[in-house]
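Report on one structure; see the data block that follows.
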Amino acid sequence: MKRNGTHDDFRMNQLTQTDMAMVTRYSADDKEFLMIKVGLILGIAGACRTGELVNLTVDDIEDVGSSLIVKIPNTKTKIPRIFVVTDVGNMLELFRKYLFLRPPHVKHKRLFLYYKAGKCSSQPVGKNTMGKIPSVVASYLKLPDVACYTGHCLRRSSATLADADGQMLVWISRQ
């Protein structure tokens, strides 16, 4: 629905570092939220668009022990990028746990698979499911206006967290 050209009622909702920590480390049950946690970690760590997360393959991620090196080969701007996820909290443990649940008979290489009741199926996750990750997190945290948390929140939250850490934001505007 169009907003008739005004931005008066539009709010830039984003997930804070505290929100992310609540979901990934503490209270959210892995049996229900593991895929959401991994998507949240990779999406915010790499300022990823939902399409970039959907197209991630297992070959795009290299586990080097103390960190993950993630390559995004197909971006909207046609400029591949690389980012690193370090072992803060239990982030790498969550990723490894999710990857371990991947069924051996899966014929494609897409990273994100349909996840329910602690099991992965061979069906890949689509862009709509990936775009709902922030709203699922907001719903879990009982934040207001859950519908306002869209897939773009991952990129916006990443930029906000980077700015809070004093990092330069030039790279995100070019991607």
Side-chain angles (χ1 to χ4, degrees), residues 14-75 80-138 140-141 149 151 153-162 165 167 171-172 175:
Q14 58 205 14
L15 299 169
T16 65
Q17 196 165 11
T18 307
D19 295 338
M20 196 170 132
M22 284 288 293
V23 173
T24 58
R25 276 189 236 154
Y26 305 114
S27 52
D29 182 25
D30 286 352
K31 194 167 190 174
E32 185 179 351
F33 292 102
L34 186 60
M35 192 273 297
I36 300 291
K37 290 178 180 185
V38 173
L40 183 67
I41 290 166
L42 293 177
I44 291 181
C48 295
R49 293 178 175 92
T50 54
E52 294 168 349
L53 289 174
V54 167
N55 293 327
L56 263 180
T57 66
V58 291
D59 297 335
D60 293 334
I61 300 177
E62 182 182 353
D63 190 343
V64 292
S66 62
S67 61
L68 299 174
I69 300 172
V70 183
K71 299 171 188 158
I72 309 279
N74 302 321
T75 65
R81 71 176 190 275
I82 297 173
F83 64 93
V84 176
V85 178
T86 57
D87 197 9
V88 177
N90 63 347
M91 291 185 186
L92 296 184
E93 177 187 327
L94 290 170
F95 174 79
R96 291 176 184 133
K97 184 176 183 180
Y98 181 72
L99 202 58
F100 180 75
L101 294 172
R102 185 180 183 83
H105 64 277
V106 176
K107 293 184 167 100
H108 58 82
K109 296 270 187 170
R110 293 220 339 230
L111 174 66
F112 289 102
L113 302 174
Y114 180 73
Y115 181 80
K116 187 172 183 175
K119 295 181 181 179
C120 286
S121 71
S122 61
Q123 179 181 351
V125 169
K127 66 179 181 178
N128 292 327
T129 302
M130 199 58 69
K132 289 179 185 173
I133 286 177
S135 65
V136 170
V137 172
Y140 177 80
L141 295 171
Y149 290 85
C153 284
L154 298 174
R155 258 177 98 74
R156 201 168 39 242
S157 297
S158 179
T160 302
L161 294 173
D165 286 344
Q167 298 174 12
W171 64 271
I172 197 169
Q175 302 296 323

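- For the residue pair Lys97 and Asp30, the shortest heavy atom distance occurs at NZ-OD2, 2.9 Å.
- With values rounded to the nearest 0.5 angstrom, Leu113 atom CG is found 9.5 Å from Met35 atom CE.
- When all heavy atoms are compared, the tightest approach of Lys127 to Thr50 is O-CB, 4.4 Å.
- Across Leu94, Val136, Val137, a single residue satisfies side-chain contact (heavy atoms from CB on, under 4.5 Å) together with Leu40, and that is Val137.
- Closest approach of Tyr98 to Cys120, counting heavy atoms only: CE1-SG, 3.7 Å.
- Looking at every heavy atom in both residues, Asn74 comes nearest to Glu52 through O-CG, 4.0 Å.
- Checked against Ile41 for a side-chain contact (heavy atoms from CB on, under 4.5 Å), the options Val85, Ile36, Leu92 give a single hit: Val85.
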Take Phe95 and Leu68, measure what side-chain contact (heavy atoms from CB on, under 4.5 Å) needs, and give me the verdict at the end.
CA-CA 9 Å; Phe95 174 79; Leu68 299 174; 3.6 Å; yes

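- The CD atom of Gln123 sits 11.5 Å away from the NZ atom of Lys116 when rounded to the nearest 0.5 Å.
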Run the side-chain donor-acceptor check on residues 100-110: report pairs under 3.5 Å with partners two or more places apart or on a different chain.
{"unit_1": "Arg102", "atom_1": "NH1", "unit_2": "Arg110", "atom_2": "O", "d": "2.7"}
{"unit_1": "Arg102", "atom_1": "NH2", "unit_2": "His108", "atom_2": "O", "d": "2.8"}
{"unit_1": "Arg102", "atom_1": "NH2", "unit_2": "Arg110", "atom_2": "O", "d": "3.2"}
{"unit_1": "His108", "atom_1": "ND1", "unit_2": "Arg110", "atom_2": "N", "d": "3.3"}
{"unit_1": "His108", "atom_1": "NE2", "unit_2": "Ser122", "atom_2": "O", "d": "2.7"}
{"unit_1": "Arg110", "atom_1": "NE", "unit_2": "Val54", "atom_2": "O", "d": "3.1"}
{"unit_1": "Arg110", "atom_1": "NH2", "unit_2": "Val125", "atom_2": "O", "d": "2.6"}

Could you pull out all donor-acceptor pairs under 3.5 Å where a side-chain atom in residues 56-65 meets a protein atom, sequence neighbours excluded?
{"unit_1": "Thr57", "atom_1": "OG1", "unit_2": "Asp59", "atom_2": "N", "d": "3.4"}
{"unit_1": "Thr57", "atom_1": "OG1", "unit_2": "Asp60", "atom_2": "N", "d": "3.4"}
{"unit_1": "Thr57", "atom_1": "OG1", "unit_2": "Asp60", "atom_2": "OD1", "d": "3.4"}
{"unit_1": "Thr57", "atom_1": "OG1", "unit_2": "Asp60", "atom_2": "OD2", "d": "3.1"}
{"unit_1": "Asp60", "atom_1": "OD2", "unit_2": "Thr57", "atom_2": "N", "d": "3.0"}
{"unit_1": "Asp63", "atom_1": "OD1", "unit_2": "Gly65", "atom_2": "N", "d": "3.0"}
{"unit_1": "Asp63", "atom_1": "OD1", "unit_2": "Arg96", "atom_2": "NH2", "d": "2.9"}
{"unit_1": "Asp63", "atom_1": "OD2", "unit_2": "Arg96", "atom_2": "NE", "d": "2.6"}
{"unit_1": "Asp63", "atom_1": "OD2", "unit_2": "Arg96", "atom_2": "NH2", "d": "3.4"}

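- For the pair Val84 and Val70, the minimum side-chain heavy-atom distance is 4.5 Å or more.
- Once rounded to the nearest 0.5 Å, the distance linking CE of Met130 with SG of Cys48 reads 10.0 Å.
- Among all heavy-atom pairs drawn from Pro134 and Gly131, the shortest one is CD-O, 3.5 Å.
- Across all their heavy atoms, Leu42 and Phe112 have their closest contact at CD1-CZ, 3.9 Å.
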